[in-house]
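Remember, it's a predicted structure, so these values are computed and weren't measured experimentally. Within every chain, numbering begins at 1; the chains are lettered A, B, ... in the order of the sequence lines, protein sequences first and strands thereafter.
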Protein chains: 2
Amino acid sequence: MKIDDICEIVCTDEKAVAEVKSKMLDENILIILAENFKIFGDPTRLKILQALYHRELCVCDLSAALDANQSTISHQLRLLRGKNLVKFRKQGKMTYYSLADEHVKKIIELGVEHARE
Amino acid sequence: MKIDDICEIVCTDEKAVAEVKSKMLDENILIILAENFKIFGDPTRLKILQALYHRELCVCDLSAALDANQSTISHQLRLLRGKNLVKFRKQGKMTYYSLADEHVKKIIELGVEHARE
DNA sequence: TGTTCATATGCACAGCTATACATATGAAAA
DNA sequence: TTTTCATATGTATAGCTGTGCATATGAACA
């Protein structure tokens, strides 16, 4: 049963469509990819990452540096942790956060470079 | 008047905070940066970009290749156009879209590479 | 001019997200 | 043990976003 027979658009270059379809990445990979990009798509998270780019910081220092609510920072740090973009170590009552790896640094650098155009 | 005197957290390493603050990117740049990343943070837009990665396509071909509503595709293409991630040429009734430049390709490649880890 | 058809867009809405308040947790110090 | 304090998290909510329907636009053609 061809859905196309009922209500589909007819201008389609079927060869082109088939070719592109065969080359497209798997749906699941694209969803993961989108989720990753989405994490960078928020100013607060970006500020956190950018602050940690320079040095390790505890939550309250981040809160002060970004002039943001402690709860807000904590919530966003949880998301960043969930995506393995930051790592942390506990020392007494404090928790010190830092960037997970060089990969994260590179993405920030690339983005900044692009935004400056 | 120091807001800090009223309700602020006291654990702050003032030197660290000042140092980071001085190195932080401008607020406006960070917002633009976040907006750019956000565009890549949606599966449909990513699919469109990924499809165009391989070849120029008209709207209805994109619609067929992604198995998505024509309206949805058009709406997302508008956003992509707004961020100069795609370019287009009109030919009769059709509109052919393609990736704006090599930069877009590179970001997709980098993202895919990272998602595959 | 009128019709057809590809694309664009106004609008409504469901689902999501970032934020902040209140509170819990858990470590250190009293 | 009790208090203090940094951090985490449950919850509520305002604002945003992606989608699809209905319709507008505008080009080709009859």
To the nearest Å, give me how far apart [atom1] ([X]) and [atom2] ([N]) are.
X	N	atom1	atom2	result
B:Ile31	D:dC16	CD1	P	13 Å
A:Leu66	C:dA20	CG	P	12 Å
B:Leu62	D:dT19	CG	P	14 Å
B:Asn69	D:dA22	CG	P	11 Å
A:Lys47	C:dT19	NZ	P	8 Å
A:Leu57	D:dT7	CG	P	11 Å
A:Ile73	C:dA20	CD1	P	9 Å
A:Tyr96	C:dA27	OH	P	16 Å

Determine: side-chain N/O of [X] to OP1/OP2 of [N], distance under 4.0 Å, yes or no.
X	N	value
A:Ser74	D:dA8	yes
A:Thr44	C:dT19	yes
A:Tyr97	D:dA6	no
B:Thr72	D:dG20	yes

First encountered from the 5' end of DNA chain C, between A:Arg45 and A:Ser71: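 Per heavy-atom nearest nucleotide, the more 5' residue is A:Arg45.
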
Side chain of A:Asp42 only, please: which of D:dG18, C:dT19, D:dT17 is the nearest?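 Of all the options, the side chain of A:Asp42 is nearest to C:dT19.
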
Stacked cation flag B:Arg81 on B:Phe88, 6.0 angstrom / 45 deg: yes

Measure from NZ or CZ of A:Lys105 to the centre of the six-membered ring of A:Tyr53, then state whether that distance is under 6.0 Å and the direction lies within 45° of the axis. yes

Looking at DNA chain C, which of residues 75-95 of chain B put a heavy atom within less than 4.0 Å of it?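 Correct list: B:His75, B:Arg78, B:Arg81, B:Lys93, B:Met94, B:Thr95.
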
Decide yes or no, distance alone: a donor-acceptor N/O pair under 3.5 angstrom between the base of C:dA8 and the side-chain of B:Gln70.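 For B:Gln70, whose side chain was compared with the base of C:dA8, there is a donor-acceptor pair (under 3.5 Å).
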
My understanding is that only residues two or more places apart in sequence, or in another chain, count here; which of them pass salt bridge (charged side-chain N to carboxylate O under 4.0 Å, His left out) with B:Lys83? B:Glu35

Which residues pass the salt bridge (charged side-chain N to carboxylate O under 4.0 Å, His left out) test with B:Arg55, sequence neighbours left out? A:Glu19

Looking at A:Asp61, is its backbone amide N or carbonyl O close enough to the side chain of B:Thr12 to form a donor-acceptor pair, meaning the two atoms are under 3.5 Å apart?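 Not a single qualifying donor-acceptor pair exists.
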
May I ask you to decide if B:Leu25's main-chain N or O and A:Gln50's side chain share a donor-acceptor pair within less than 3.5 Å?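 Yes, because the side chain of A:Gln50 sits within donor-acceptor range (under 3.5 Å) of the backbone of B:Leu25.
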
Count I, L, V, M, F, W, Y as connected when their side-chain heavy atoms are under 4.5 Å apart, and connections chain through other members. Are B:Val104 and B:Leu52 then in the same cluster? yes

